[in-house]
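Computation of the quantities below employed the complete heavy-atom set of this structure, encompassing side-chain atoms and omitting hydrogens, waters and symmetry-equivalent molecules. These numbers were taken from a predicted model, which means no experiment stands behind them. Residue numbers start from 1 in every chain, and the chains themselves are labelled A, B, ... in the order their sequence lines are given, proteins ahead of strands.
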Amino acid sequence: RKEVEQDPGPFNVPEGATVAFNCTYSNSASQSFFWYRQDCRKEPKLLMSVYSSGNEDGRFTAQLNRASQYISLLIRDSKLSDSATYLCVAQGGNKLVFGAGTILRVKS
Amino acid sequence: DTEVTQTPKHLVMGMTNKKSLKCEQHMGHRAMYWYKQKAKKPPELMFVYSYEKLSINESVPSRFSPECPNSSLLNLHLHALQPEDSALYLCASSLTGGHYEQYFGPGTRLTVT
């Protein structure tokens with residue numbers, strides 16, 4: 001079993017749609033969680049950290065369920081510019097463990 | 001400013017060459033990382049430096065040799081690489097190791113011929 005598993009994707013959605021990504025992690029000792037966004041041939045960029053209480057940043061909402069070892073990312077009112085690969089990341093000991101990523105394609 | 005810089009942006013080298021990748025950050029971060037990323041795969045951790053000391057080596061072949069001259073700089077020395085080593089090499093930094101978010105540089109796209 002992979003340490004961090006994500007929805008396989010790709011997700012093809014129209015502009016304005018709401019889309020949700022899910023992720024599970026296997027290390028119950030993980031304390032920190034993040035969502036990164038990566039555009040084609042670019043570096044990963046931190047989108048948001050994920051807290052137990054949930055957090056929101058504009059159109060983006062992240063949730064953490066420690067009991068189920070589950071992380072989610074909700075994107076509302078999708079824009080063409082949201083098209084990217086979204087990487088779910090969990091702390092594993094002294095390092096971060098990346099999921100394989102989910103591709104989002106927003107179409108007009 | 002959350003900026004990590006890397007040079008060069010692109011590098012083509014033969015299997016007998018020696019080259020170095022450079023990474024710099026001025027955020028006062030004390031942990032720095034090298035990752036390798038192949039197309040359509042997530043970043044794969046290679047090395048971690050914490051307070052200028054190597055703390056993690058993910059069983060990377062010795063043809064890759066990291067160096068941390070000071071808290072702001074990180075180098076990756078390359079020697080006798082193989083074509084399968086062609087990839088995007090990413091540097092990242094974080095406040096300290098462990099659970100802090102990491103900030104990535106733009107990467108060096110390496111092609112080994």
Side-chain angles (χ1 to χ4, degrees), chain A residues 2-10 21 23-52 55 57 60 62 64 66 71 73 84-105, chain B residues 1-7 9-10 21 23 25 27 29-51 53-60 86-111:
Chain A
K2 292 181 182 176
E3 285 193 64
V4 177
E5 296 203 63
Q6 296 186 237
D7 279 352
F21 301 143
C23 169
T24 57
Y25 62 95
S26 61
N27 185 349
S28 59
S30 294
Q31 294 294 315
S32 302
F33 307 90
F34 309 96
W35 283 101
Y36 280 76
R37 170 205 168 118
Q38 187 169 25
D39 292 286
C40 187
R41 300 179 69 82
K42 299 283 192 182
E43 74 273 25
K45 289 189 187 295
L46 179 67
L47 183 64
M48 55 201 308
S49 301
V50 189
Y51 306 116
S52 295
N55 49 309
D57 183 3
F60 299 84
L64 168 64
R66 288 190 184 274
I71 304 161
L73 176 69
T85 297
Y86 290 82
L87 298 161
C88 175
V89 183
Q91 171 223 354
N94 220 15
K95 58 187 181 183
L96 299 184
V97 180
F98 287 77
T102 301
I103 296 172
L104 172 65
R105 298 187 187 124
Chain B
D1 184 20
T2 54
E3 187 179 66
V4 177
T5 58
Q6 289 187 243
T7 55
K9 289 185 179 177
H10 300 275
L21 309 185
C23 174
Q25 57 88 13
M27 295 178 280
H29 288 175
R30 302 311 301 268
M32 296 185 75
Y33 311 79
W34 281 115
Y35 288 85
K36 171 182 176 179
Q37 187 174 26
K38 301 281 259 184
K40 301 186 190 302
K41 298 287 187 183
E44 179 185 333
L45 183 66
M46 300 174 72
F47 302 103
V48 180
Y49 272 83
S50 181
Y51 292 86
K53 293 192 188 317
L54 183 65
S55 62
I56 295 178
N57 175 341
E58 293 284 277
S59 303
V60 179
S86 298
L88 180 67
Y89 287 84
L90 294 159
C91 174
S93 71
S94 65
L95 190 60
T96 61
H99 61 276
Y100 287 98
E101 60 270 20
Q102 294 178 18
Y103 295 93
F104 285 82
T108 293
R109 192 160 297 280
L110 174 67
T111 303

Trainee: Between Tyr35(B) and Phe98(A), what is the ring plane arrangement, given parallel below 30°, perpendicular above 60°, and tilted in between?
Mentor: perpendicular
Trainee: With a 4.5 angstrom heavy-atom cut-off, which part of Gln6(B) approaches chain A: side chain, backbone, both or neither?
Mentor: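 Contact with chain A involves no heavy atom of Gln6(B) at all.
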Trainee: Mind ranking Pro44(A), Gly99(A), Gly92(A), Gly101(A) by heavy-atom pairs under 4.5 Å with chain B and telling me who comes out on top?
Mentor: Pro44(A)
Trainee: Quick check for you: among Arg109(B), Lys41(B), Lys40(B), Glu44(B), which has the greatest number of heavy-atom pairs under 4.5 Å with chain A?
Mentor: Arg109(B)
Trainee: Check whether any side-chain heavy atom of Cys91(B) sits under 4.5 Å from a side-chain heavy atom of Trp34(B), and report yes or no.
Mentor: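 Contact flag for Cys91(B)/Trp34(B) side chains = yes.
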Trainee: Can you tell me which portion of Phe33(A) sits under 4.5 Å from chain B's heavy atoms? Options are side chain, backbone, both or neither.
Mentor: neither
Trainee: Just say parallel, tilted or perpendicular for the rings of Phe21(A) and Tyr86(A), cut-offs at 30° and 60°.
Mentor: tilted
Trainee: Determine whether Asp39(A) and Lys45(A) make a side-chain contact, defined as any pair of heavy atoms from C-beta on separated by less than 4.5 Å.
Mentor: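 A side-chain contact under 4.5 Å is absent here.
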Trainee: If you compare all heavy atoms of Trp35(A) against all heavy atoms of Gln6(A), which two are closest, and at what distance to 0.1 Å?
Mentor: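 Closest heavy-atom pair between Trp35(A) and Gln6(A): CZ3-NE2, 3.7 Å.
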Trainee: Are Tyr33(B) and Val4(B) close enough that some pair of their side-chain heavy atoms sits under 4.5 Å apart?
Mentor: no
Trainee: Between Leu96(A), Ile103(A), Val89(A), Thr85(A), which residue shows the highest count of heavy-atom pairs closer than 4.5 Å to chain B?
Mentor: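 Winner by heavy-atom pair count: Leu96(A).
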Trainee: At a 4.5 Å cut-off on heavy atoms, which part of Gln91(A) comes close to chain B: side chain, backbone, both, or neither?
Mentor: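 For Gln91(A), side-chain heavy atoms alone lie under 4.5 Å from chain B.
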Trainee: Using heavy-atom distances under 4.5 Å, tell me whether Tyr100(B) contacts chain A through its side chain, its backbone, both, or neither.
Mentor: backbone
